[in-house]
Amino acid sequence: MPIFRPFRGVRPSDDYVEIFPTHPLDNFSQEEINRKAQVDSSYIQMIKPYVVSKSKDVDRNLRKIRTNFEELLEEKKLVQDHSSYYLYQQFLPNKTVFRGLLGLASVEDFRNGKIKKHESTLTNKKEELAYYLEKVNIQAEPVLLTYMANPKVELLMNHEEKNVPILNYLDDSGIRHKIWKIDNRLKMQQFKEVLEQIDSFYIVDGHHRIGSTALNAKNMQERNKKHTGTEHYNFVYSFIVSNQSIKIHDYNRLLQDLNGLTEKQFLKKIEKNFLVHEKGETPYFPSQKFHISMYLGGKFYSLHVKHDLRKKQSEMNDLDHFLLEEFIIKDILGIEDPKTTDKITYIKGNSSIQGIMSIKEKVDSGEFKVGFGIYPLSFNDLLKVSDKNIKMPPKCTYIEPKLVTALVMYDMKQG
């Protein structure tokens with residue numbers, strides 16, 4: 001069983017609930033970040049020295065973030081709870097509801113396979129985030145973990161929902177966020193006992209965050225001669241939800257060039273492993289696994305993985321993201337390591353034609369030469385690649401719920 005423990009959450013006080021939190025920074029342009037950094041007592045203003053500052057003294061900028069954080073605590077704009085679990089629920093405008101528990105997972109469980117991953121990580125990004133954690137000691141956005149639904153956990157959450165939440169926040173996209181603090185000793189023990197029945201957690205979003213936390217923990221352990229494994233740096237802030245409370249969307253690819261090939265030559269090489277059907281100007285969203293959408297030269301194409309290749313890969317890795325990477329991105333476009341190249345841009349989809357049209361817009365702008373839309377990974381395939389420890393390319397899934405940053409934070413100095 002993986003560890004999932006309570007923690008002393010740091011959250012905005014009642015007067016600042018609508019000011020402090022934010023959507024993840026990668027949702028915003030630099031111009032938007034600059035504007036949001038001007039809002040007093042907001043999270044983005046707190047981390048302004050890192051995301052806006054023109055100073056090249058990174059260590060100084062990171063120390064300033066920590067100082068800003070501690071000043072907000074002193075001013076009571078942020079409050080720190082006693083050790084607690086938190087029930088967190090999202091209500092979307094389309095009536096979809098996601099819910100789960102906020103707490104701490106162990107990086108040791110990540111290392112020993114009790115927390116299972118399905119994606120590779122980008123090395124530079126992981127190192128950068130680990131350095132940030134070392135200097136700032138704040139985790140503001142949880143890793144999203146899933147598990148097979150347990151009726152006992154659901155029952156405890158049902159009971160908790162009857163109480164008054166400590167936070168009830170409507171964000172600017174129309175999503176309502178509710179949080180209940182679970183700090184009663186008996187309740188915490190009940191949750192602990194049922195959570196101990198879960199065999200494994202699966203990472204569904206946040207591979208870089210958990211990877212960087214594990215890297216930071218390794219670096220800290222090497223310097224700490226009295227390391228015990230219970231230090232605050234050994235834990236990653238997490239949101240655990242059952243498989244009934246997630247939705248997996250497509251994560252698509254844009255490529256800058258065709259590796260010196262003409263469009264005609266490129267299509268010819270693809271035909272070795274894929275059946276290519278031209279769709280013209282008609283947008284094509286892949287209808288099922290083994291079908292990939294491609295936009296090239298103002299036209300849409302459907303690429304169907306040939307049966308011989310499916311059969312050959314069935315006992316190894318037959319997922320569309322891997323097939324695209326191995327037999328087009330590597331073999332034809334000559335990109336040996338997608339984790340480190342700057343020739344690939346990843347673009348989020350939403351399981352609809354909208355994501356495909358975003359690919360078209362980017363390619364038509366001239367910034368990219370070709371784009372690929374990939375059918376969303378199924379939950380069973382997610383478990384399959386995680387259980388078999390199959391190495392997937394970076395950014396294979398875009399998964400809901402998407403979490404708001406800094407509704408509740410984990411202070412790695414105070415636990």
Side-chain angles (χ1 to χ4, degrees), residues 1-12 14 17 21 79 81-106 109 114-116 141-171 173-206 235-248 379-380 382-383 399-404 406-410:
M1 67 188 182
I3 292 171
F4 190 71
R5 57 179 261 185
F7 70 111
R8 298 186 63 204
V10 177
R11 54 190 173 84
D14 292 344
V17 168
V79 296
D81 296 321
H82 296 295
S83 186
S84 310
Y85 289 119
Y86 298 85
L87 171 61
Y88 174 35
Q89 194 170 64
Q90 286 188 5
F91 298 81
L92 276 59
N94 64 6
K95 308 302 182 185
T96 300
V97 178
F98 298 113
R99 74 172 183 178
L101 296 168
L102 294 169
L104 302 182
S106 164
D109 285 338
K114 292 180 183 177
I115 299 176
K116 302 183 179 185
E141 184 181 345
V143 171
L144 184 61
L145 306 176
T146 192
Y147 59 91
M148 296 301 293
N150 180 314
K152 293 180 181 178
V153 179
E154 299 298 319
L155 184 61
L156 287 176
M157 290 194 293
N158 289 343
H159 285 317
E160 198 59 38
E161 280 181 17
K162 296 174 183 177
N163 298 322
V164 178
I166 59 166
L167 186 150
N168 188 340
Y169 163 67
L170 184 68
D171 70 25
S173 60
I175 299 175
R176 182 164 294 282
H177 305 264
K178 290 186 177 183
I179 291 181
W180 292 260
K181 182 174 64 173
I182 305 165
D183 58 357
N184 174 278
R185 286 188 179 183
L186 176 59
K187 289 182 179 181
M188 290 168 69
Q189 183 62 28
Q190 289 174 328
F191 272 100
K192 181 178 181 293
E193 288 174 359
V194 296
L195 290 170
E196 285 176 347
Q197 299 172 21
I198 296 171
D199 291 330
S200 302
F201 291 139
Y202 297 85
I203 306 171
V204 287
D205 192 18
F235 297 91
V236 58
Y237 177 33
S238 303
F239 181 43
I240 60 169
V241 297
S242 80
N243 62 303
Q244 298 174 349
S245 199
I246 64 169
K247 184 168 180 56
I248 305 175
F379 186 79
N380 286 339
L382 179 75
L383 299 193
I399 299 181
E400 289 185 303
K402 303 312 292 183
L403 303 181
V404 169
L407 269 179
V408 179
M409 297 179 288
Y410 171 42

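Everything numeric in this text was worked out from a predicted model, so none of it was measured.
- A ring-centre distance under 6.0 Å is found for Phe7 and Tyr237.
- For the pair Pro2/Phe4, no side-chain contact is recorded, criterion being any heavy-atom separation below 4.5 Å from C-beta on.
- In this structure, CZ in Phe98 is found 10.5 Å from NZ in Lys402, a value given to the nearest 0.5 Å.
- Ile240 contributes atom CD1, which lies 4.0 Å from atom CZ of Phe201 (distance to the nearest 0.5 angstrom).
- Shown here for Ser242 and Thr146, the closest heavy-atom pair between the two residues is C-OG1, 3.3 Å.
- Heavy atoms only, all atoms of each residue included: Val194 and Leu156 are closest at CG2-CD1, 3.6 Å.
- Side-chain atoms of Asn168 never come within 3.5 Å of backbone atoms of Lys178 as a donor-acceptor pair (strictly under, hydrogens ignored).
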Handout entry: Steps toward side chain to side chain contact (heavy atoms under 4.5 Å, CB included) verdict (Val153, Gln197)
Key = CA-CA 10 Å; Val153 179; Gln197 299 172 21; over 6 Å; no

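- Applying the side chain to side chain donor-acceptor pair (under 3.5 Å) test between Arg99 and each of Gln89, Glu154, Gln90 identifies Glu154 as the sole match.
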Problem - side chain to side chain contact (heavy atoms under 4.5 Å, CB included) between Leu101 and Leu195, intermediate numbers included - result: CA-CA 10 Å; Leu101 296 168; Leu195 290 170; 4.2 Å; yes

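- With a 4.5 Å cut-off on side-chain heavy atoms, Ile175 and Leu170 do not count as touching.
- Put simply, the side chain of Tyr202 does not reach to within 4.5 Å of the side chain of Asn243, judged on heavy atoms.
- Note that NZ of Lys116 and CG of Asp199 are 8.5 Å apart. Values are rounded to the nearest 0.5 Å.
- Here Leu382 contributes atom CG and Ile248 contributes atom CD1; the two are 5.0 Å apart, rounded to the nearest 0.5 Å.
- Side-chain contact between Ile399 and Leu144 is present, with heavy atoms from C-beta onward closer than 4.5 Å.
- When all heavy atoms of Val143 and Gly206 are compared, the pair lying nearest together is CG2-O, 3.8 Å.
- Remark: side-chain polar atoms of Arg8 are not paired, donor with acceptor, to backbone N or O of His82 under 3.5 angstrom.
- Summarising the geometry of Leu403 relative to Glu141, their closest heavy-atom pair is O-OE2, 4.4 Å, with the distance given to 0.1 Å.
- The side-chain heavy atoms of Leu104 and Ser238, taken from C-beta on, include no pair separated by under 4.5 Å.
- Between His177 and Tyr88, the two ring planes are parallel [angle under 30°; tilted spans 30° to 60°].
- Atom-to-atom distance recorded for Met409:CE and Leu102:CG is 12.5 Å, nearest 0.5 angstrom.
- Taking both residues in full, the closest heavy atoms of Val17 and Pro21 are given as O-CD, 2.9 Å, listed atom of the first, atom of the second, then distance.
- Here the side chains of Phe379 and Ile246 are in contact, with some heavy-atom distance below 4.5 Å.
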Practice task
Given side chain to side chain contact (heavy atoms under 4.5 Å, CB included), test Trp180 with Lys162 step by step and report yes or no.
Solution key: CA-CA 10 Å; Trp180 292 260; Lys162 296 174 183 177; over 6 Å; no

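- Scanning both residues, Pro93 and Gly174, for their nearest heavy atoms gives CG-O, 3.4 Å.
- Atoms CG and CZ, on Asp205 and Phe239 in that order, are 11.5 Å from each other to the nearest 0.5 Å.
- Side-chain atoms of Asp109 come within 3.5 Å of backbone atoms of Ile3 as a donor-acceptor pair (strictly under, hydrogens ignored).
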Practice task
I would like to know whether Met148 and Leu383 meet side chain to side chain contact (heavy atoms under 4.5 Å, CB included); could you show each step before the answer?
Solution key: CA-CA 10 Å; Met148 296 301 293; Leu383 299 193; 3.8 Å; yes

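- Put simply, the side chain of Arg11 does not reach to within 4.5 Å of the side chain of Leu407, judged on heavy atoms.
- Two residues are said to be in side-chain contact when any heavy atoms from C-beta on lie closer than 4.5 Å; Tyr85 and Lys187 fail this criterion.
- Lys95 contributes no side-chain N or O that, together with a main-chain N or O of Leu92, makes up a donor-acceptor pair within less than 3.5 Å.
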